[in-house]
Student: 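Following this message is one structure expressed as structure tokens.
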Amino acid sequence: MAIKLGAEMVLEALRKEGVEVIFGYPGGAVLPIYDALYDSGLRHILARHEQGAVHMADGFARASGRVGVALVTSGPGATNTVTGLATAYMDSIPVVVLTGQVPTSLIGNDAFQEADTVGITRPVTKHNYLVKSVKDLPRILKEAFYIASSGRPGPVVVDLPKDVVSSEAEFEYPETIALRSYRPTVCGHVGQVRKALEMLFAAKAPVVFVGGGVILSNAADRLTQFARQLGVPVTMSLMGLGGFPGSDPLSLGMLGMHGTYQANMAIQNSDLIFAVGPRFDDRVTGKLETFAPKAKIVHIDVDPTSISKSIRVDIPIVGDARAVMGQFLEELERNEPPKEYFDHLEHWRGRIENWKALHALDYDRNGSRIRSQHVIETLYNLTGGDAVVATDVGQHQMWVAQFFKFGKPRTLLTSGGLGTMGFGFPAALGAKIARPNETVIAISGDGSIQMNIQELMTAVQYGIDVKVVILNNSFLGMVRQWQELFYRSRYASSCMAMVPDFVKLAEAYGAKGFSSAVPEDVVPILKEALVHKGPVLVEFRVAEEDNVYPMVPPGGSIGDMLLV
Amino acid sequence: MGAANGHNKTPRRILSILVNNEFGVLSRISGLFSGRGFNIESLCVAETLDPEVSNMTIATSGDEQIIEQIIKHLRKLIPVIKVTDLTELAYVSREMVLVKVHAEGDARAEAMRLSEIFRGRIVDAAQKSLTIEVTGDDDKIQAFLDLIRPLGVKEIARTGKIAMARAQKG
Ligand SMILES: Cc1ncc(C[n+]2csc(CCOP(=O)(O)OP(=O)(O)O)c2C)c(N)n1
């Protein structure tokens with residue numbers, strides 16, 4: 001056993017966990033860790049704001065499936081991570097955030113740059129630790145990574161007082177975890193799996209509903225095989241996009257508030273919803289009493305608190321989506337649906353085709369203004385869908401969900417649960433670091449992009465080749481849409497009357513900028529942006545008062561959509 | 001037996017929770033209740049035989065679905081080892097109350113008599129007041145308080161409920 005400094009233990013633990021890159025920002029309380037980092041060989045990306053650093057770690061995690069790591073100082077450094085933590089928490093993203101803390105002797109004294117980090121972050125983390133003795137450090141770091149990445153993943157904060165990381169102790173990184181109070185379930189109950197399959201075989205109008213759990217547990221391939229083998233139509237929540245190929249004939253696209261007509265109609269007319277890893281969020285269900293009135297519900301989720309939280313479930317199956325879908329596939333090898341099942345399904349898919357034909361997603365392609373939908377569709381066509389796309393929050397986010405047909409898991413990075421403006425661009429930077437050989441695009445709005453624009457400097461400094469596409473509608477578009485529809489078009493403070501000259505801004509940071517308001521420019525500019533080496537900022541000045549449809553008014557039933 | 005028929009419209013539940021006896025665990029549990037809008041009526045914590053483990057007794061209320069959610073969320077907290085809904089089992093529960101009651105003239109004799117009936121103890125005596133300690137289940141404590149109150153209660157302190165499942169018979 002070797003004697004090590006606390007700060008060195010931290011870095012050694014990161015290496016043992018396979019971490020290659022840390023996103024961070026230094027300060028007094030973490031100087032011992034930064035000093036150890038100086039000649040450690042670990043890669044450190046200096047963000048320009050701690051919120052940016054956490055979103056980068058989050059984007060890294062979403063794109064790679066590995067734990068993202070951020071390192072910040074005490075006090076303001078730690079409080080700046082709160083939005084990033086809450087974003088990761090709501091979407092169940094495995095992130096470990098290491099925060100500096102004042103020395104243990106000063107804790108509680110209102111010391112300079114002291115904040116009760118564990119108290120502040122408790123409701124927005126899966127778990128958090130204040131390390132009070134260097135002897136506990138190896139165990140706590142091991143637990144932090146395990147808790148962040150197992151079960152329903154989530155962010156974990158480890159608060160590190162300066163004296164703890166500055167003192168020495170024997171270091172042995174534990175091989176195993178001994179947490180008697182935390183043992184996530186992996187496999188589903190065999191009896192429940194059989195019952196669910198029988199129920200599906202007896203269904204006449206089933207729908208598979210894919211949630212974020214399918215992406216998080218890497219279950220997309222198994223789920224896709226299952227749905228195709230049984231010919232069941234598939235709909236996805238925002239977080240589930242990419243969990244089943246969007247271009248597959250069985251795909252209904254997204255459901256919910258801005259879901260497709262066919263997805264919402266299918267849910268409302270379904271007799272069985274086979275839900276894998278969603279949490280039946282209110283943006284999906286609309287009015288609870290009228291959601292899927294005729295359907296029985298099978299719900300697979302690793303987190304028992306998600307089951308029967310808002311929607312009553314007929315067959316709950318607690319387990320990891322990948323493991324449980326494996327069980328279903330095995331069961332399918334022994335069991336076949338009755339012949340009439342396939343007849344029913346053919347009829348059911350026919351009804352769905354009619355809904356598709358009735359109100360397909362569309363927009364006017366002949367106007368004189370650029371339409372956001374057109375930009376997104378063009379990006380899809382130019383990349384062949386082969387790109388990682390991060391979004392911010394608002395109308396552009398919904399249009400991305402509607403018009404970019406995500407084919408693979410971990411290709412859409414979006415703040416679904418918290419709806420954090422300012423998430424997309426730093427998340428894209430983290431994703432590009434995780435997947436350097438892929439095209440990474442951040443699609444944003446003129447409002448959202450200004451919330452973390454400072455990370456453009458990070459992108460340029462490290463040569464992180466991300467393409468930012470700003471759909472500038474001169475409004476906080478989604479807010480304006482709600483004001484138009486529900487507040488008699490009284491556009492209180494939703495007009496972004498002034499935005500910077502984005503081309504000059506890009507150039508000031510040392511990036512490449514493009515801007516246009518002409519529909520004919522969309523294809524050539526995007527082509528050029530995609531082949532340009534290095535970070536690019538593209539601004540399209542798009543139609544101002546465009547709305548996202550279909551829309552289920554808040555509190556309404558998802559069968560009642562505004563369609564124009 | 002504990003009183004299942006409390007004074008609330010929704011049924012009262014008693015949860016017994018084993019937790020790792022570590023820094024901040026109480027705030028995790030109370031934060032879970034406040035953050036999700038669940039209600040705590042009383043809460044008691046103390047070490048168990050194993051000094052690394054504490055037992056918490058929480059009295060709460062809510063319909064079936066809320067209690068189920070509370071229990072699932074408690075189980076999800078990392079330091080929580082075990083959650084038992086004692087209300088589902090046969091259990092004994094006790095609470096202790098200290099009452100400082102006005103006790104001059106006739107009232108003094110009456111207070112002492114009530115203390116005796118409820119098998120209480122007089123733990124402090126002054127010229128104008130007595131402090132009585134009474135232990136019991138919900139019904140007993142409530143009955144005692146109802147009777148002593150007309151004498152003029154100056155101060156009350158209650159421990160909150162502790163509870164334990166009954167041993168299996170046979
Ligand atoms: C941090 C944060 N603040 C406020 C909001 C509320 N909000 C939701 S959408 C939106 C408008 C976003 O505008 P923009 O980024 O321009 O996108 P658009 O809707 O125009 O596509 C706002 C303000 C939010 N989601 N996040």
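Within every chain, numbering begins at 1; the chains are lettered A, B, ... in the order of the sequence lines, protein sequences first and strands thereafter.
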Student: Considering residues at least two apart in sequence or located in another chain, which fulfil the salt bridge (Lys or Arg N to Asp or Glu O under 4.0 Å) criterion with B/Glu47?
Tutor: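 Salt bridge (Lys or Arg N to Asp or Glu O under 4.0 Å) check on B/Glu47 returns nothing, list empty.
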Student: Would you say CE of B/Met96 has more than 12 non-hydrogen atoms from neighbouring residues, nucleotides or ligands within 6.0 angstrom?
Tutor: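 Correct, the count exceeds 12.
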Student: Produce the donor-acceptor pair table for chain B versus chain A, cut-off under 3.5 Å.
Tutor:
unit_1, atom_1, unit_2, atom_2, d
B/Asn20, ND2, A/Ser181, OG, 3.4
B/Ser27, O, A/Arg122, NH1, 3.4
B/Arg28, NH1, A/Asn128, OD1, 3.0
B/Arg28, NH2, A/Asn128, O, 2.9
B/Arg28, NH2, A/Asn128, OD1, 2.9
B/Gln65, NE2, A/Ser308, O, 3.1
B/Gln65, NE2, A/Lys309, O, 2.9
B/Gln69, NE2, A/Thr305, O, 3.4
B/Lys72, NZ, A/Pro304, O, 2.8
B/Lys72, NZ, A/Ile307, O, 2.7
B/Lys76, NZ, A/Asp303, OD2, 2.6
B/Lys76, NZ, A/Thr305, OG1, 3.4
B/Ile78, O, A/Ser181, OG, 2.4

Student: For B/Val53, is it the side chain, the backbone, both, or neither that has a heavy atom closer than 4.5 Å to a heavy atom of chain A?
Tutor: side chain
Student: Please list, in residue-number order, every residue in residues 98-105 of chain B that has a heavy atom less than 4.5 Å from any heavy atom of chain A; write 'none' if there are none.
Tutor: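 Under the 4.5 Å heavy-atom cut-off, nothing qualifies.
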Student: Let me know if A/Pro123 has heavy atoms under 4.5 Å from chain B in its side chain, its backbone, both or neither.
Tutor: neither
Student: Does anything in residues 147-159 of chain B reach chain A? List residues with heavy atoms under 4.5 Å apart, or say none.
Tutor: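 If one takes a 4.5 Å heavy-atom cut-off, no residue of residues 147-159 of chain B lies near chain A.
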